[in-house]
*Asks:* 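Quick one: the structure is below, questions incoming.
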Protein chains: 2
Amino acid sequence: MSKSTVPTSVIRRLPRYYRFLGELENQGALRISSRELSERMGSTASQIRQDFNCFGCFGQQGYGYNIKELREKIGNILGVNAISPMILLGAGNLGKAIATHIDFEKRGCRLIGIFDSNPDVQGRIIGELEVKSTDLLEEFCKTEKPIAAVLCIPKTETAAAAAQLISYGIRAFWNFSHYDLKFEHSDIIVESVHLGDSLMTLAFGLHKITGESDSGR
Amino acid sequence: MSKSTVPTSVIRRLPRYYRFLGELENQGALRISSRELSERMGSTASQIRQDFNCFGCFGQQGYGYNIKELREKIGNILGVNAISPMILLGAGNLGKAIATHIDFEKRGCRLIGIFDSNPDVQGRIIGELEVKSTDLLEEFCKTEKPIAAVLCIPKTETAAAAAQLISYGIRAFWNFSHYDLKFEHSDIIVESVHLGDSLMTLAFGLHKITGESDSGR
DNA sequence: TAGATTGTTAATCGATTAACAATC
DNA sequence: TAGATTGTTAATCGATTAACAATC
C-alpha cells in the first residue's frame, strides 16, 4: 500500500540502494543504520529515511534496517520478480552489446526477441536469440506478447517504429536512439539513455579544466 | 565570462538544446523564440530563457534567438571544438559498441587508444584503433597524454584501474561499470552511465502497469 | 532502564514557473 | 510607433536537510 505518488527522484535512487544492499548482504552484514548507509553511499541519513518512508516503515528504532529484508522489499517495489517480456530492435553494435551485456532477468525483464530490418544481420545469434526480420514483428507480438521494447535503431526510424510497436501492444520503451520520444497524451513509459548527451556533459567538464586559454570573453 | 557557477541541472540540458538547434538549423530555420522552442522540446519558455541567461544574453528582445549563433555559443560552452584526447578500457561487447557507435569528435572528444587486459582481444581492430595490452597504458599515457578514460571494465576492476589511470594523468571518467566511482577530495570528473539502474527504473514502471495483482497485502 | 536510531514534522535550499518592465 | 519577445526579478513548487519526539 504505497503512498499516493512517489517522486521520480526517489524511484531513481532505488536501484542504487538495491545494489549497495546486495553488496552488504554478500559481505555477510545483517543490519545497517541510515547513518552508516549514507556514509557508504555519499548521501545523507535523512534522505535515506525519507526515501524508505515513501513506501512504509522498513526499519526499527534503536536498531536500524535488516539488510536482507530491506533489499527484498526494495526489490519487490522495483518489481525484480515480476518478469516482463521485452524485445530489442536494432542488432547493430549497440543493440548487440545491450543484449549480451545486460542481465535482464536480474532486473525484472526477459529479452525474448531481437529484430533488425537489415537482411545481413538476420539469422545471426546474439546471446541465445536469433535475429529476426522486422517483418515478423506483428505476428511475434501477437503470440508472445512482449510489453516493452529496447530501441537501438537510428534516430530517423525511431518515431515510426515506436508508433508501430504501440499498435502491437508495446507499453514501454528503453530508448537508446538519439530521438526524443514523447507521447503527450498516453501512458506509455519511456526511459531514455542519451549516450551522446552524457559524453557532452563530460566534455563540458573537461573543457573547463583544459580550456582556460580561449573563452570568447 | 560565465556567471560564477552554473547549476548542473542547466548543464545537463545544454546537449539537448544543442541537438534541437542543430535540427532546426538543418531544416533551414533562422530564428526561434523561447516559446516556440519550449513547445518543441516540451519545456517552458521561462526555463529556456533562465538557462541561456546563465551564460549571458543570447537573444534579442522582440525577435527571439538566432539559431545558428545560439547553437554555436552553446557548442562553445560545451567545448565541442576543444578536442580532448580519450582512451577506452575494456574492449568487450559494450566497449566495442561505445567505440564504434559514438561520434566522439562531434562532442569535443577523440578516442586515441583502446586497451584490454585479455590477450584474446588484443590486436583486434575496433573502428580505426588496434586494441592494446593494458601493460602499455603507462607508456601510452606518458607520450599521448589522454585526459579522460571510458571505463567498460568489470565492477571489480574499476576502483584499481581508476586509481592507476589518475596516477597516469587521467582527470575524467566516462564510467559504464557498475561500480560507483567517487573521489571525495579531488577534482576528478566522473560521468556515470548505470545501464542496469536505468533498466530497473523502467522495470518499476512496468511493474506498476502489470502487477496490479500481487502487492504485498 | 538507557542508548540508539527510526519515523515524521519543520526549516532550508534550490530549481522551476510566472510576471513584467526593458527594449529591439 | 506598436508588437513581440527578451532579460530579470519575484513567487511557487519540490526536494533535501535538520531536528526531535516516539519507540525499540
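So you know, we letter chains A, B, ... as the sequences are listed, proteins then strands, and number each from 1. Remember, it's a predicted structure, so these values are computed and weren't measured experimentally.
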*Asks:* Indicate whether OP1 or OP2 belonging to D:dC24 is found under 4.0 Å from a side-chain N or O atom of A:Tyr65.
*Replies:*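 For D:dC24, neither OP1 nor OP2 has a side-chain N or O of A:Tyr65 closer than 4.0 Å.
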
*Asks:* Can you name the residues that form a salt bridge (charged side-chain N to carboxylate O under 4.0 Å, His left out) with A:Lys68, not counting sequence neighbours?
*Replies:*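 Partners of A:Lys68 by the salt bridge (charged side-chain N to carboxylate O under 4.0 Å, His left out) criterion, ordered by chain and then number, come out as A:Glu72.
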
*Asks:* Tell me which of A:Thr44 and B:Gly64 sits closer to the 5' end of DNA chain D, going by the nucleotide each one is nearest to.
*Replies:*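 On the 5' side of the pair lies B:Gly64.
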
*Asks:* Mapping B:Cys57 and A:Val10 onto DNA chain D by nearest heavy atom, which one lands closer to the 5' end?
*Replies:*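 On the 5' side of the pair lies B:Cys57.
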
*Asks:* On the nucleotide D:dT5, are OP1 or OP2 found under 4.0 Å from the side-chain N or O atoms that B:Arg31 carries?
*Replies:*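 Yes, because at least one side-chain N or O of B:Arg31 sits under 4.0 Å from OP1 or OP2 of D:dT5.
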
*Asks:* If I take atom CG in residue A:Asn66 and atom P in nucleotide C:dT5, what distance separates them, rounded to the nearest angstrom?
*Replies:*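 A:Asn66 atom CG is separated from C:dT5 atom P by 15 Å.
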
*Asks:* For B:Phe52 and D:dT5, what is the distance between atoms CZ and C1' respectively, to the nearest whole Å?
*Replies:*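 To the nearest whole Å, that distance equals 14 Å.
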
*Asks:* Given atom CD of B:Glu39 and atom P of D:dT5, what is their separation to the nearest angstrom?
*Replies:*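 Those two atoms, CD and P, are 11 Å apart.
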
*Asks:* Taking atom P of C:dG7 as reference, at what distance in whole Å does atom CD of A:Gln60 sit?
*Replies:*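 In whole Å, C:dG7 P lies 9 Å from A:Gln60 CD.
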
*Asks:* Among B:Arg12, B:Arg16, B:Arg19, whose side chain to side chain donor-acceptor pair (under 3.5 Å) with A:Asp197 holds?
*Replies:*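 Among B:Arg12, B:Arg16, B:Arg19, the one meeting side chain to side chain donor-acceptor pair (under 3.5 Å) with A:Asp197 is B:Arg19.
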
*Asks:* Only pairs with both distances under 3.5 Å count, Watson-Crick or wobble alike; so what is the partner of C:dG14 in this structure?
*Replies:*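 Checking every strand shown, C:dG14 finds its partner in D:dC13, with both distances under 3.5 Å.
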
*Asks:* Expressed as a whole number of angstroms, how long is the span from B:Gln47:CD to C:dG14:P?
*Replies:*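 After rounding, the gap between these two atoms is 17 Å.
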
*Asks:* Would you say the base of D:dA18 and the side-chain of A:Ser46 have a donor-acceptor pair closer than 3.5 Å?
*Replies:*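 Yes.
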
*Asks:* Determine whether any donor atom in the side chain of B:Gln61 lies under 3.5 Å from an acceptor atom in the base of D:dT6, or the reverse, and answer yes or no.
*Replies:*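 Between D:dT6 and B:Gln61, which were checked side chain against base, a qualifying N/O pair under 3.5 Å is present.
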
*Asks:* Measure CG/B:Asn53 against C1'/C:dT17 and give the value in whole Å, please.
*Replies:*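 One finds 15 Å between C1' of C:dT17 and CG of B:Asn53, rounded.
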
*Asks:* Could you check which nucleotide pairs with C:dG7 in any of the strands shown, counting Watson-Crick or G-U wobble with both distances under 3.5 Å?
*Replies:*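 Per the H-bond distance test, D:dC20.
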
*Asks:* Would you state whether a donor and an acceptor, one from the side chain of B:Gln50 and one from the base of C:dT17, lie under 3.5 Å apart?
*Replies:*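 Answer is yes: a donor-acceptor pair is held.
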
*Asks:* Can any side-chain N or O of A:Thr158 pair as donor or acceptor with the backbone N or O of A:Pro154 at less than 3.5 Å?
*Replies:*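 Yes: the side chain of A:Thr158 pairs with the backbone of A:Pro154.
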
*Asks:* Rounded to the nearest Å, what distance is computed from the CZ atom of residue A:Arg49 to the C1' atom of nucleotide D:dA18?
*Replies:*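 After rounding, the gap between these two atoms is 10 Å.
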
*Asks:* At their closest point, which heavy atom of B:Phe55 faces which heavy atom of B:Asp51, and how far apart are they?
*Replies:*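 Heavy atoms of B:Phe55 and B:Asp51 come nearest at CD1-O, 3.7 Å.
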
*Asks:* Do you know which of A:Ile11, A:Val80, A:Ile189 makes side-chain contact (heavy atoms from CB on, under 4.5 Å) with B:Phe204?
*Replies:*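 That would be A:Ile11; it is the only one of A:Ile11, A:Val80, A:Ile189 passing the side-chain contact (heavy atoms from CB on, under 4.5 Å) with B:Phe204.
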
*Asks:* Can you measure B:Asp51 atom CG to D:dT6 atom P for me and round it to whole angstrom units?
*Replies:*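 In whole Å, D:dT6 P lies 13 Å from B:Asp51 CG.
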
*Asks:* Are B:Arg13 and C:dT16 close enough that a side-chain N or O sits under 4.0 Å from OP1 or OP2?
*Replies:*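 Indeed, a polar side-chain atom of B:Arg13 lies that close.
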
